[in-house]
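Worksheet: one structure, shown below.
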There are 2 protein chains.
Amino acid sequence: MNLKPLSESTEMYLKAMAEMSYQDVVAVGRLAERLGVTAVSANEMMRRLGEQGLVSHTPYKGVNLTKKGREVAGNVIRRQRLWECFLYDHLKIEWSQVYEFACSLEHATAPELTEALAEFLGNPKTCPRGNPIPAADGSFKPLDAIPLSEIKLGQAAHVLAVNATATDVLKYLQEKNILPGRDVTVVEVAPMQGPLTLRVGGKDVALGLPMAEFVLVKII
Amino acid sequence: MNLKPLSESTEMYLKAMAEMSYQDVVAVGRLAERLGVTAVSANEMMRRLGEQGLVSHTPYKGVNLTKKGREVAGNVIRRQRLWECFLYDHLKIEWSQVYEFACSLEHATAPELTEALAEFLGNPKTCPRGNPIPAADGSFKPLDAIPLSEIKLGQAAHVLAVNATATDVLKYLQEKNILPGRDVTVVEVAPMQGPLTLRVGGKDVALGLPMAEFVLVKII
DNA sequence: AAAATTTTTATGGTTGACCTTATTATTCCA
DNA sequence: TGGAATAATAAGGTCAACCATAAAAATTTT
Ligand SMILES: [Mn+2]
Ligand SMILES: [Mn+2]
Ligand SMILES: [Mn+2]
Ligand SMILES: [Mn+2]
């Protein structure tokens with residue numbers, strides 16, 4: 001099935017798309033933004049990925065992963081999250097740095113190695129950021145959760161996962177105790193897309209809406 | 001000191017040079033051969049590496065690692081061999097496959113991660129192929145050993161390390177029990193660069209000279 | 001229905017790491 | 001010392017991923 005090894009760049013595009021597809025269609029502009037490339041570059045890449053049958057692009061509508069693309073993305077995410085487990089649980093790497101190290105290793109990991117690692121780890125179900133680990137065949141379902149940014153005033157919520165990747169953002173969330181397993185309550189919502197004020201562990205914490213989008217919660 | 005991350009290609013060139021420099025100068029042609037590129041490509045790369053101060057090339061003489069280049073190479077080798085230990089001892093990866101997997105991971109491993117891994121492994125001194133692991137600062141000294149290809153008829157030797165990298169070569173050596181820790185005796189040397197016949201563990205094994213160069217031994 | 005915005009395409013460039021096919025320079029050897 | 005072998009250069013390409021600038025196309029907003 002999978003003949004040639006895909007480039008790191010290809011894998012990162014597919015992974016980003018999978019992570020963004022809580023909506024069925026991903027806007028190429030958003031994708032570019034997330035990956036830190038120009039919209040032109042992202043469009044070029046979509047053409048290449050389309051030719052390889054990994055994505056389908058409906059101009060002015062957006063891009064979708066194909067079945068094949070989704071499977072590849074699931075495998076990348078699986079490797080990434082397994083490495084996160086290893087780095088955090090065994091190498092004692094700092095929580096906020098785990099993602100960035102795993103994000104390199106994920107592209108250097110053959111399937112046989114991936115499964116040996118899963119075995120070693122005891123086939124964990126979630127990574128340290130709370131995200132579920134796709135199955136060995138690459139299949140996965142998005143977490144049944146909503147971004148913290150969509151929670152209404154006064155509502156309490158249980159943090160299921162943190163989807164941020166940047167080390168500084170993760171460090172900030174860690175400092176403020178907005179972590180998987182914690183409960184938070186929205187005590188204020190400033191107007192004009194202003195920050196949320198959350199009550200978490202007896203303290204009030206301000207969180208901008210963009211960052212709140214990376215925190216996945218379940219209303220309680 | 002080390003500002004930009006070096007490419008995988010760069011790291012592989014430096015590593016190959018370090019492994020080949022039991023002689024002080026490495027012929028660019030040999031290097032090309034070992035890396036599976038054309039001599040022209042290797043020459044181009046020597047120019048680039050020269051500009052970066054990683055190698056010094058004396059035309060028609062050969063290339064040398066600079067101090068900086070040797071340090072980088074030592075670090076790459078350290079990562080590689082630490083990963084070999086992990087893959088073999090903890091993930092139970094097949095001995096002959098350990099090298100190839102480690103050879104991918106070595107380029108995706110930041111210094112902080114390398115040291116956490118070393119700690120996790122208990123700072124091992126040698127990898128599963130018997131090679132010593134360079135220090136955290138990249139320093140290393142070549143193993144005090146000679147290639148099996150230079151052993152004379154009738155002589156017995158102790159295998160210290162196997163330097164082969166190709167999975168099929170490693171598999172062959174494994175099958176024939178030519179492994180670190182074993183003792184072998186040269187019972188026949190065929191003329192015209194013919195194969196050696198070795199007595200190892202009560203059996204006679206034929207080994208071509210090119211392969212024998214990858215087996216490092218100490219006369220006993 | 002305009003106007004504004006977003007998206008896509010068109011061009012033309014760059015860089016690293018490869019390649020092939022000459023040609024030239026040097027070293028080695030008989 | 002004169003070839004043969006080896007090493008290095010020159011010249012011209014490819015390919016994946018990026019970039020910028022500009023123009024065109026579609027969508028969204030007013
Ligand atoms: Mn629409
Ligand atoms: Mn990555
Ligand atoms: Mn390698
Ligand atoms: Mn050129």
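The basis for the numbers below is simple: all heavy atoms, side chains too, and nothing from hydrogens, waters or symmetry mates. Here is how names work: the chains are called A, B, and so on, in the same order as the sequence lines, proteins then strands, and each is numbered from 1.
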- Message: With salt bridge (charged side-chain N to carboxylate O under 4.0 Å, His left out) as the criterion, how do A:K67 and A:E71 come out once you've worked through the C-alpha distance, each side chain's angles and the decisive distance to 0.1 Å?
- Response: CA-CA 6 Å; A:K67 178 151 290 182; A:E71 185 188 316; over 6 Å; no

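Remark: B:R81 does not engage B:E106 in a salt bridge, criterion side-chain N to carboxylate O under 4.0 Å. Residues B:R47 and B:E44 are not paired through a salt bridge, judged by the lack of any N-O separation under 4.0 Å between the basic side chain and the carboxylate.
Residue A:H57 places at least one side-chain N or O closer than 4.0 Å to OP1 or OP2 of C:dT8. Regarding contacts with the backbone of C:dA17, a side-chain N or O of B:S7 is found under 4.0 angstrom from either OP1 or OP2. At the phosphate of C:dG16, neither OP1 nor OP2 sits under 4.0 Å from any side-chain N or O atom of B:Y13. Here B:T10 does not reach the OP1 or OP2 of C:dG16: none of its side-chain N or O atoms lies under 4.0 Å away. In this structure, B:R48 does not reach the C:dG16 phosphate: none of its side-chain N or O atoms is under 4.0 Å from OP1 or OP2. Put simply, B:S9 has no side-chain N or O that comes within less than 4.0 Å of OP1 or OP2 on C:dG16.
Atom CE of B:M12 and atom C1' of C:dG16 are 17 Å apart (whole Å). Spacing between atom CE of A:M46 and atom P of D:dA17 amounts to 11 Å, rounded to whole angstrom units. If you measure from atom CZ of B:R30 to atom P of D:dA5, you get 15 Å, rounded to the nearest angstrom. C:dT6 atom P lies 17 Å from atom CG of A:L31, rounded to whole Å. For B:L35 and C:dC19, the CG to P distance is 10 Å, given to the nearest whole Å. Across the protein-nucleic acid pair, A:L49 atom CG and D:dC15 atom C1' stand 15 Å apart, rounded to whole Å. With rounding to whole Å, A:R47 atom CZ is found 16 Å from C:dT7 atom C1'. If you take CE of A:M45 and P of D:dA16, they are 10 Å apart, rounded to a whole angstrom.
Centroid-to-centroid, the aromatic rings of B:F86 and A:F86 come within less than 6.0 Å.
The nearest pair of heavy atoms linking A:I77 to A:A18 is CD1-CB, 3.9 Å.
Side-chain contact check for A:E100 and A:T167: at least one donor-acceptor pair (N or O, by modelled atom type) lies under 3.5 Å.
Of the listed residues (A:R129, A:R79, A:R78), just one forms a salt bridge (Lys or Arg N to Asp or Glu O under 4.0 Å) with A:E84, and that residue is A:R129.
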- Classify every nucleotide of nucleotides 20-30 of chain C by which part a protein heavy atom approaches to under 4.0 Å, writing B for the base, S for the sugar-phosphate alone and - for neither, in 5'-to-3' order. BB---BSS---

